[in-house]
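Structure record follows, encoded as structure tokens.
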Number of protein chains: 2
Amino acid sequence: MTLNETFVALSDPTRRAILAQLVLGEATVSALAEPHRLAQPTISKHLKVLEQAGLIETRIDAQSRPRRLRPEGLKLIDDWLTPFRAQWERRLDRLEEFVEQQHDMESKK
Amino acid sequence: MTLNETFVALSDPTRRAILAQLVLGEATVSALAEPHRLAQPTISKHLKVLEQAGLIETRIDAQSRPRRLRPEGLKLIDDWLTPFRAQWERRLDRLEEFVEQQHDMESKK
DNA sequence: CAGCAATATTGCTATTGGGCAATATGAAGC
DNA sequence: GCTTCATATTGCCCAATAGCAATATTGCTG
């Protein structure tokens with residue numbers, strides 16, 4: 001459940017696709033495997049990584065082990081982004097200022 | 001400059017540390033190498049990954065090649081987070097609702 | 001232009017990580 | 001109790017990657 005585990009978990013496209021699937025709701029392992037051309041054990045491995053990172057959780061229903069999203073897990077990432085977000089918003093502000101200035105110039109012509 | 005490149009770039013702690021350093025402003029390669037117990041070529045390699053992902057850019061100043069942050073590069077990540085953010089905020093809303101309901105119950109005692 | 005300073009490139013090694021087939025486990029249904 | 005279904009675990013291979021030392025490159029500076 002560390003920041004690093006989370007980023008590592010997200011660095012694989014298959015795992016990101018699995019998360020995207022889970023936004024739509026709970027799904028079994030076989031349902032999660034189906035869209036990818038990957039063997040079941042491969043998917044199980046990915047699921048383990050995601051669970052270890054705190055991004056999904058497992059429920060038990062007879063033989064099946066449906067997974068569901070733990071969106072709060074992504075807060076670590078969101079928080080990490082904060083200082084950077086501040087920066088790109090500042091850039092946007094400067095751009096807006098610039099546009100406004102240009103506009104003023106125009107109207108003074 | 002793809003989403004995958006970006007996530008891969010962020011999946012290494014050294015590279016994240018470098019980005020964090022660059023929030024404070026432009027820095028030379030040797031300045032970036034200094035805090036880490038890593039050889040200079042190792043850092044240069046990391047910088048290449050970050051630049052390829054569009055997260056930093058290089059300026060040329062005599063022999064030195066100072067890097068600066070390109071915070072907009074992180075928008076890809078921020079955008080990817082959007083659908084998930086919606087989910088964890090909904091959870092928060094439900095929590096608030098619950099707390100309010102409890103509060104109502106209390107006041108009716 | 002010689003020599004130094006800052007960085008890039010190259011070539012190598014060791015580790016990690018994604019993939020698979022084969023097998024193990026555990027619950028359901030007959 | 002035996003079979004079947006869903007999934008986990010194990011053992012293996014190959015490719016990708018972080019790391020380094022050695023060397024190349026580029027631009028000052030004397």
Side-chain angles (χ1 to χ4, degrees), chain A residues 1-22 24-70 73 77, chain B residues 1-22 24-70:
Chain A
M1 260 214 10
T2 70
L3 178 66
N4 197 56
E5 277 175 337
T6 309
F7 267 121
V8 168
L10 295 180
S11 73
D12 180 88
T14 304
R15 286 192 293 261
R16 288 197 303 274
I18 290 177
L19 291 182
Q21 255 180 287
L22 289 176
L24 310 177
E26 209 177 67
T28 74
V29 175
S30 23
L32 290 170
E34 210 254 324
H36 316 280
R37 307 292 230 57
L38 294 178
Q40 169 259 314
T42 307
I43 299 293
S44 288
K45 208 180 197 176
H46 282 310
L47 292 174
K48 196 173 234 175
V49 175
L50 288 169
E51 182 153 30
Q52 179 62 22
L55 294 170
I56 64 176
E57 60 192 8
T58 304
R59 197 167 60 85
I60 297 188
D61 175 23
Q63 313 100 329
S64 108
R65 301 281 181 280
R67 304 313 208 284
R68 59 164 165 260
L69 199 61
R70 282 197 58 243
I77 305 289
Chain B
M1 256 216 10
T2 71
L3 178 66
N4 197 57
E5 278 175 336
T6 310
F7 268 120
V8 168
L10 295 179
S11 74
D12 181 271
T14 304
R15 286 193 292 261
R16 288 196 303 276
I18 290 177
L19 290 182
Q21 253 180 289
L22 289 176
L24 310 176
E26 209 176 66
T28 75
V29 175
S30 23
L32 290 170
E34 210 252 326
H36 316 280
R37 306 293 230 54
L38 294 177
Q40 169 260 315
T42 305
I43 299 293
S44 287
K45 209 181 199 174
H46 282 309
L47 292 174
K48 197 175 236 174
V49 174
L50 288 169
E51 183 153 30
Q52 178 62 23
L55 293 171
I56 63 175
E57 60 191 9
T58 305
R59 198 167 58 86
I60 298 189
D61 176 22
Q63 314 98 329
S64 110
R65 302 282 182 280
R67 304 311 207 284
R68 60 166 165 259
L69 200 60
R70 282 197 57 244

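Sequence lines set the chain letters: A, B, ... in the order given, protein chains first and strands last, and positions in each chain run from 1.
- In terms of heavy atoms, A:Ala9 sits closest to A:Leu50 at CB-CD2, 4.2 Å.
- No donor-acceptor pair under 3.5 Å is formed between the side chain of A:Glu51 and the backbone N or O of A:Lys48.
- For A:Gly54 against A:Met1, the heavy-atom pair with the smallest separation is CA-CG, 4.1 Å.
- Chain A approaches DNA chain D within less than 4.0 angstrom (heavy atoms of the protein), and the contacting nucleotides run 5' to 3' from D:dC5 to D:dT9.
- Not one N or O on the side chain of B:Thr42 forms a donor-acceptor pair closer than 3.5 Å with the backbone of B:Leu38.
- A donor-acceptor pair is defined here as one N or O able to donate and one able to accept, closer than 3.5 Å; no such pair exists between the side chain of A:Arg70 and the backbone of A:Arg68.
- Taking CD from A:Gln21 and CD1 from A:Ile18, the interatomic distance works out to 7.0 Å, rounded to the nearest 0.5 Å.
- Annotation: the terminal axes of the helix from C:dC1-D:dG30 to C:dC30-D:dG1 meet at 10°, where each axis is the rotation carrying the C1' atoms of four end pairs onto the next four (5 pairs per end, rounded to 10°).
- With sequence neighbours excluded, the residues forming a side chain to side chain donor-acceptor pair (under 3.5 Å) with B:Arg59 are B:Glu26, listed by chain and number.
- In the model, B:Arg67 has a side-chain atom that pairs as donor or acceptor with a side-chain atom of B:Thr58 under 3.5 Å.
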Tabulate atom names and distances for all N/O pairs under 3.5 angstrom spanning the protein and nucleotides 17-20 of chain C.
from, atom 1, to, atom 2, distance (Å)
C:dG18, OP1, A:Arg15, NH1, 2.8
C:dG18, OP1, A:Arg15, NH2, 2.7
C:dG18, N7, A:Lys45, NZ, 3.2
C:dG19, OP2, A:His46, NE2, 2.4
C:dG19, N7, A:Lys45, NZ, 3.2
C:dG19, O6, A:Lys45, NZ, 2.8
C:dC20, OP2, A:Ala39, N, 2.8
C:dC20, OP2, A:Thr42, OG1, 2.7

Go through A:Glu34 and A:Ser30 one step at a time and tell me if the side chain to side chain donor-acceptor pair (under 3.5 Å) criterion holds. CA-CA 6 Å; A:Glu34 210 254 324; A:Ser30 23; over 6 Å; no

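- Here salt bridge (Lys or Arg N to Asp or Glu O under 4.0 Å) pairs that include residues 9-20 of chain B, with residues two or more places apart or in two chains, number zero.
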Would you list the protein and nucleotides 24-30 of chain C atom pairs, both N or O, that sit under 3.5 Å from each other?
from, atom 1, to, atom 2, distance (Å)
C:dA28, O4', A:Gln63, NE2, 3.1

